[in-house]
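As structure tokens, the structure follows; a few thoughts come after it.
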Amino acid sequence: MPAPILHRLPDQLRENLRLVFVGTAASTRSAELGHYYAHPGNRFWRAIHEAGITPRRYQPGEFAALLELGIGFTDLSKSGAGMDHQIATETIDVPGFRAKMEMYRPRTIAFTSKKAASLFYGRPSNMISLGRQCDGRLPEIFVLPSPSGAASGHWTLEPWRELAEWIAS
């Protein structure tokens, strides 16, 4: 009998959310603590506040409270953990992610890295642009620069602000 799959971080999903953030997988630190975007060098919590998505700066341990704001969380790999290049391909579950989005029907999906978006779209990261994807799909899809400290050379807050404007409309 196979061992049960360990979910590193629980999904924070419910019907009709205005926004779901989607990562590739939990970071090692997030998996250890059980909180989304928990590494101290990760810009996620600062970015969503500075962009205007949240009314205050939340801490990683408060991630479940964002459901009250209509914001949810999930990852493409629920059993992998680490940096994107460390995530085993067989743990990436795009069909499972699509099924969750069809079930919960959020208004907007925001991938928190080009890597996550590339796995979803099935094309290389360099073929993915940041911001709103305008591909005629529902829900609306945004691709954000990774807030990870490891990706700091590609950081910009602008796509996060574009997302904030979209979900406020």
Side-chain angles (χ1 to χ4, degrees), residues 7-27 30 35-38 42-55 58 60 62-81 84 87 89 91-148 151 154-169:
H7 283 219
R8 301 293 187 151
L9 287 174
D11 284 335
Q12 291 291 298
L13 299 171
R14 67 174 188 216
E15 289 185 354
N16 301 314
L17 290 169
R18 64 188 180 118
L19 173 61
V20 173
F21 286 108
V22 184
T24 305
S27 70
S30 289
H35 305 151
Y36 283 87
Y37 306 99
N42 195 298
R43 296 177 186 86
F44 178 83
W45 298 101
R46 187 177 79 222
I48 63 173
H49 174 62
E50 287 178 8
I53 295 169
T54 59
Y58 286 79
E62 297 178 287
F63 72 92
L66 271 68
L67 277 174
E68 296 169 17
L69 302 176
I71 299 171
F73 296 90
T74 191
D75 293 302
L76 296 178
S77 171
K78 295 307 292 179
S79 58
D84 282 355
I87 307 303
T89 305
T91 70
I92 304 294
D93 185 9
V94 173
F97 166 73
R98 287 182 190 272
K100 287 182 220 177
M101 295 304 99
E102 288 174 18
M103 180 185 345
Y104 293 110
R105 300 210 168 283
R107 178 175 176 229
T108 308
I109 295 169
F111 289 103
T112 58
S113 71
K114 283 180 132 188
K115 176 64 174 180
S118 76
L119 292 165
F120 173 75
Y121 283 116
R123 53 185 203 249
S125 296
N126 64 359
M127 304 280 297
I128 308 268
S129 61
L130 293 173
R132 187 171 170 209
Q133 297 304 291
C134 300
D135 56 11
R137 295 178 186 227
L138 289 175
E140 290 292 330
I141 297 176
F142 282 75
V143 177
L144 305 171
S146 173
S148 168
H154 303 287
W155 178 251
T156 175
L157 192 60
E158 287 313 308
W160 296 77
R161 287 186 176 127
E162 179 187 1
L163 172 63
E165 289 173 19
W166 167 255
I167 64 170
S169 64

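Side-chain contact of Ser113 with Ser146: a donor-acceptor pair under 3.5 Å is absent, judged by distance alone. Residues Ser148 and Tyr37 have side chains that never bring a donor and an acceptor to within less than 3.5 angstrom of each other.
With contacts defined as side-chain heavy-atom distances shorter than 4.5 Å, the pair Pro55/Leu69 qualifies. Within the 4.5 Å cutoff, the side chain of Val22 has no heavy atoms near those of the Asp75 side chain. Contact check for Ser129 versus Val143: no side-chain heavy atoms found under the 4.5 Å cut-off. Between Leu163 and Leu19 the shortest side-chain heavy-atom distance falls below 4.5 Å. Using a 4.5 Å heavy-atom cutoff, the side chains of Pro106 and Thr108 are not in contact. In this structure the side chain of Ser30 never reaches within 4.5 angstrom of the side chain of Tyr36, judged on heavy atoms. Looking at heavy atoms from C-beta onward, Ile92 lies in side-chain contact with Thr24 at the 4.5 angstrom threshold. In this structure the side chain of Phe142 never reaches within 4.5 angstrom of the side chain of Gln133, judged on heavy atoms.
Arg98 CZ: more than 12 foreign heavy atoms inside a 6.0 Å radius. Other residues, nucleotides and ligands place more than 12 heavy atoms under 6.0 Å from the CE atom of Met103.
The backbone N or O of Ser125 lies less than 3.5 Å from no partner atom in the side chain of Lys115, so there is not a single donor-acceptor pair. No donor-acceptor pair closer than 3.5 Å links the side chain of Lys114 to the backbone N or O of Leu130.
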- Begin with the C-alpha distance, continue with both residues' side-chain angles, and end with the deciding distance and a verdict on salt bridge (charged side-chain N to carboxylate O under 4.0 Å, His left out) for Glu140 and Arg132. CA-CA 7 Å; Glu140 290 292 330; Arg132 187 171 170 209; 2.9 Å; yes

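When all heavy atoms of Lys78 and Leu9 are compared, the pair lying nearest together is NZ-O, 2.7 Å. The two atoms that bring Ala116 and Gly23 nearest to each other are CB-C, 4.0 Å, heavy atoms only.
For Phe111, the ring pair (Phe, Tyr, Trp, His ring centres under 6.0 Å) partners are Phe97, Phe120, not counting sequence neighbours.
Using cut-offs of 30° and 60° on the angle between ring planes, the pair Trp45 and Phe73 is tilted.
Rounding to the nearest 0.5 Å places OG1 of Thr112 at 13.0 Å from CZ of Arg43. Between the OG1 atom of Thr74 and the CD1 atom of Ile109 there is a distance of 10.0 Å, given to the nearest 0.5 Å. If you take CD on Gln12 and CG on Leu67, they are separated by 5.0 Å, rounding to the nearest 0.5 Å.
Ring-centre distance between Phe21 and Phe44: below the 6.0 Å cut-off.
A cation-pi contact, defined as under 6.0 Å to the ring centre and within 45° of the axis, is absent between Arg161 and Trp166.
In summary, Lys100 and Asp11 engage in a salt bridge, as defined by a charged side-chain N under 4.0 Å from a carboxylate O.
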